[in-house]
*Asks:* 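Please see the structure below; I have some questions.
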Amino acid sequence: MRIPPCWCPVLLVACGVLGGTVPVLPAQSPTQRTALERFRDSLATVRDTVALREVERTLIAAARRDRDDAILHLRLGFTSLRLGELGVQRAHDDAGSEFQWAVDLQPRWPYAWYGLGLAELASSETTVSLVQGIQSMLGKDALTRSANAFAKSAEVDPAFVFGLSELVNTALRQRVNARMDVALAALRRAARTPAARHPDVLLARARIEREVGSLDSSRAALAPLLALENPPPVAHLEAARTGFLTGQAAAAREWYRGLMVADSATLAQYRADLGMLVPEALLGALSQASPQDRVETLRSFWRRREAADLHPEDARLAEHYRRLDFARRNFRLVSPNRQFAIIERYRSNQDVFDDRGIIYIRHGQPDDRAFFNAPGLDPNESWRYDREDGPLVFHFVARQDVQDFRLVESLFDVLGFATATALRNERDIQGYQLIDGLLRSREFLAPIYGRMIAAGRGGTNEMLTDERILGARAIARGTTTDSWPLRFEQGIQAGVAVLVVGAEADGPRVQLAIALPAASLRGQPVDQGIGYAVRVRASITGRDGLRAAAIDTVRSFRTRAAIPSDGTLLVRVPLAVAPGTYTVRAAIETDAGGMLVPRDTVTVPGSTPGPIGLSDLAVGTRRVALSWAPTDRDTIWVNPLRRFTRQDRMELHYEVTGLAAGASYRTEVTIRKEGGGSIFSRLFGGGAALRLRSTDVHPGGIARIHRELDLAGLDPGRYTLQVQVRGADGPEAERRSAFVVVP
């Protein structure tokens, strides 16, 4: 038979050993190890199973002549491993047998144990067993056997780098009975050997120290790697993973540096970390993008989330890794083999975390949670997240595996499909007290459960559909979005006006005008009076979700005496922005607590000729002393509470833009009482409590208009102030502002 050239390196290495060039010694010598590595390297280049079978036959023939040659069995084992990698059936079992033979012959050789570990590891990846979960819990699964073999290789030779690295990797993969203590002990023994400075060992040490909670030791292991002129790409990722958990400011910088230089293996780790949150299409594009483009892509991804929830740069990225760490420790699946019941409408396509982990990674710690334990009831939990547009409530039940909690649409799904169906059909159900207990355990999570309790059994049945719809909507939103809203231990109340008004020489402004009542403040004694601190966070984002402007500032105020109970503290925060449409997000925080300002959409008009533009309406009174002067000739007054008395004179300010100098335009100012007047008058423009009309000439750029409005003729109640401006050729702009007149 003619031997193809590609087979020759493997056969030559194999025959070199068969020829007795490397003698069998009581302890595995460096020469033997080098020869084995050369042999493994040569195997890795061959993808032709026919060639490998020829090598295998040659080695088997030699082993039959000398059954006690451990080197032959090691080479046979590595050959079988390679055949298994190429898809040959049962080759991994053959490898395990050969490595076990080598162990029996040379129990002090690390390569024998190492090979046995690789064979068990390969078996764990290709074998799917119905009893895999039970084997894992009993420590009898292939992954545990693999870890034990790697641990033995490190025990017989503490400087054996391959065994140390694989021991750590296998321990980290184990879902139960993880051999963390064994791996850590092996690494600490290796610290006294030359292997301690090997990059693979340092990486392994960093990973295992972080896993057991020794974050400082993890950082110490990474320091020598990062000090290299060209650190391994994965070292930057590992440094970031540890740094995020310790709150290091440089962690994000390491994360992006690693992304920039990532090879394919490191990029796969980035994708695994982000796969629970980042869309698959975006992740898939990373491998084809240039290093700079993939950095900018992910930087923009995180920036949008930080801007939406008022967090500083890189905070959301760090929070993601904190959530990942918590989920790995608390919500990791014991077995990846998941089967779903008909009642489980949501079916995750990942096998690392249960459904609690999915929600946690996306939305973080719930605001509240509940469970109900009773005989015959599966383990269950419900989580509530408070959101601006109402609470999100998620229900989980562990039916097949006590450590695999699944999302279900309705709380009643905790009872099982038959019971949930019987409830809908209004059949008699034994154990209705169980249902009552389940409802009462969730009464504080959402109003619907209190209503069900109050309505009784018949009324409960009528609300089942509504409750299920709420659950289905929560699942749809919770599994496709993510969030991290600011939280405050105590809530406060404040009047906040978000206004596009008061443009200055360098461009337009978005104004935050804030009125904090005394109940929302907590003063601190200072020299010559009382001090109050107000923190204002604001983020203005464009249509692309990226920040156009942001501020995080603390304003300090001092008064001679405490603000009286009916008094207020007034604050104004301006932010410069370019013309466009924006979403404004803000939060106010004092020593008494904090509040989120509802999202607001604003349009900032341009000052150059174009469509006629009208600013927001600034309405105030000199009695409420919140004012500023955008120019030497103009003063703007704002009352954030929008409460006026009949004795007040309303100070109205607005700005007209978009017209050329000399262009004429008409203005109409109208005040209407909400709900006032007949239907006929409201339909045809009548019923106005006040109406002013004027025709003006635009100066070009920005026309600043100030009017005083007498409120003496208005009865107490709610009103709407409306300003309309119309150019000579017909374009129109309009703004409205609601206010209240009190006696």
Side-chain angles (χ1 to χ4, degrees), residues 302-316 318-320 322-323 359-360 362-368 383-394 445-447 474 477-478 481-500 510-522 532-542 545-555 568-575 577 581-602 616 626 638 640-642 738:
W302 296 116
R303 293 293 182 265
R304 291 185 181 94
R305 279 146 181 79
E306 289 153 359
D309 289 324
L310 296 172
H311 294 291
E313 288 188 355
D314 300 324
R316 183 63 182 88
E319 171 67 7
H320 176 67
R322 287 191 292 268
R323 292 180 183 182
I359 297 299
Y360 187 91
R362 287 185 172 273
H363 301 283
Q365 190 74 15
D367 291 285
D368 216 334
W383 294 3
R384 187 190 74 227
Y385 291 88
D386 295 329
R387 295 295 180 261
E388 289 180 89
D389 53 352
L392 289 175
V393 179
F394 301 96
L445 290 184
R477 180 174 169 184
T481 65
D482 61 277
S483 60
W484 188 30
L486 294 177
R487 285 189 172 100
F488 304 102
E489 291 186 10
Q490 298 292 331
I492 61 172
Q493 297 295 323
V496 181
V498 180
L499 304 170
V500 179
V510 173
Q511 309 280 351
L512 296 179
I514 306 161
L516 284 156
S520 296
L521 299 167
R522 185 174 299 153
Y532 298 92
V534 179
R535 181 180 183 183
V536 179
R537 279 177 275 189
S539 177
I540 300 179
T541 57
L546 296 176
R547 280 189 177 105
I551 194 169
D552 186 348
T553 182
V554 176
R555 301 290 176 87
T568 57
L569 180 65
L570 302 173
V571 185
R572 181 182 70 90
V573 178
L575 293 96
V577 289
T581 299
Y582 300 96
T583 297
V584 180
R585 195 77 172 101
I588 316 299
E589 190 172 1
T590 71
D591 289 338
M595 65 171 283
L596 288 172
V597 179
R599 297 176 193 270
D600 199 351
T601 300
V602 299
D616 288 327
L626 182 58
V638 175
L641 297 175
R642 298 183 177 88

*Asks:* Could you go through Arg487 and Asp367, starting from their C-alpha distance and side-chain angles, then the distance that decides it, and tell me whether this counts as salt bridge (charged side-chain N to carboxylate O under 4.0 Å, His left out)?
*Replies:* CA-CA 9 Å; Arg487 285 189 172 100; Asp367 291 285; 2.8 Å; yes
*Asks:* Using a strict 4.0 Å threshold on nitrogen-to-oxygen distance, state whether Arg316 and Glu319 make a salt bridge.
*Replies:*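 The answer is no: the pair does not qualify as a salt bridge.
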*Asks:* Quick one: does any side-chain atom of Arg585 pair with a main-chain N or O of Ala307 as donor and acceptor, under 3.5 Å?
*Replies:*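 Answer holds: no.
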*Asks:* Taking side chain to side chain donor-acceptor pair (under 3.5 Å) as the definition, give me every residue that meets it alongside Asp314, ordered by chain and number, with sequence neighbours left out.
*Replies:*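 Expected list: Arg303.
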*Asks:* Verify side chain to side chain contact (heavy atoms under 4.5 Å, CB included) between Arg477 and Leu392, making sure each step is shown before the conclusion.
*Replies:* CA-CA 9 Å; Arg477 180 174 169 184; Leu392 289 175; 3.9 Å; yes
*Asks:* Rounded at 0.5 Å granularity, tell me how far CG in Leu310 sits from CD1 in Ile551.
*Replies:*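 Here the interatomic distance stands at 12.0 Å.
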*Asks:* What's the spacing between Arg547 CZ and Ile540 CD1 if we round to 0.5 Å?
*Replies:*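 If we round to the nearest 0.5 Å, Arg547:CZ and Ile540:CD1 are 11.0 Å apart.
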*Asks:* Taking only residues two or more places apart in sequence or in another chain, which ones pass side chain to side chain donor-acceptor pair (under 3.5 Å) with Arg387?
*Replies:*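 Checked Arg387 against side chain to side chain donor-acceptor pair (under 3.5 Å); matches are Ser483.
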*Asks:* Return yes if some donor-acceptor pair links the side-chain N/O of Asp482 with the main-chain N/O of Arg362 below 3.5 Å, else return no.
*Replies:*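 Not a single qualifying donor-acceptor pair exists.
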*Asks:* Among Thr568, Val536, Val534, whose side chain to side chain contact (heavy atoms under 4.5 Å, CB included) with Ile514 holds?
*Replies:*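 Option passing the side chain to side chain contact (heavy atoms under 4.5 Å, CB included) with Ile514: Val536.
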*Asks:* When rounded to the nearest 0.5 angstrom, what is the spacing between CZ in Arg322 and CD in Gln365?
*Replies:*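 Atom-to-atom, Arg322:CZ and Gln365:CD are 12.5 Å apart.
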*Asks:* My understanding is that only residues two or more places apart in sequence, or in another chain, count here; which of them pass ring pair (Phe, Tyr, Trp, His ring centres under 6.0 Å) with Trp383?
*Replies:*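 So Trp383 forms a ring pair (Phe, Tyr, Trp, His ring centres under 6.0 Å) with Phe331, Phe396.
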*Asks:* Does Glu489 have any side-chain contact (heavy atoms from CB on, under 4.5 Å) partners at least two apart in sequence or in another chain, and if so, which?
*Replies:*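 So Glu489 forms no side-chain contact (heavy atoms from CB on, under 4.5 Å) with any residue.
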*Asks:* What distance separates Gln511 CD from Leu499 CG, expressed to the nearest 0.5 Å?
*Replies:*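 If I round to the nearest 0.5 Å, the distance is 7.5 Å.
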*Asks:* Mind checking what makes ring pair (Phe, Tyr, Trp, His ring centres under 6.0 Å) contact with Tyr582, not counting sequence neighbours?
*Replies:*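 In terms of ring pair (Phe, Tyr, Trp, His ring centres under 6.0 Å), with neighbours along the sequence ignored, Tyr582 is linked to no residue.
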*Asks:* Donor-acceptor pairs under 3.5 Å, side chain of residues 587-596 to any protein atom, not counting sequence neighbours: which ones?
*Replies:*
{"residue": "Glu589", "atom": "OE1", "partner": "Arg537", "partner atom": "NH2", "Å": "2.9"}
{"residue": "Thr590", "atom": "OG1", "partner": "Ser520", "partner atom": "O", "Å": "2.7"}
{"residue": "Thr590", "atom": "OG1", "partner": "Ala592", "partner atom": "N", "Å": "3.1"}

*Asks:* Atom OH in Tyr532, atom CG in Leu516: separation rounded to 0.5 Å?
*Replies:*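 Rounded to the nearest 0.5 Å, the OH-CG separation comes to 11.0 Å.
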*Asks:* Pair Leu512, Val498 - check side chain to side chain contact (heavy atoms under 4.5 Å, CB included), show working.
*Replies:* CA-CA 5 Å; Leu512 296 179; Val498 180; 3.7 Å; yes
*Asks:* Using a 3.5 Å distance criterion without hydrogens, assess whether the side chain of Arg305 forms a donor-acceptor pair with backbone atoms of Trp484.
*Replies:*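 Between the backbone of Trp484 and the side chain of Arg305 there is no qualifying donor-acceptor contact (under 3.5 Å).
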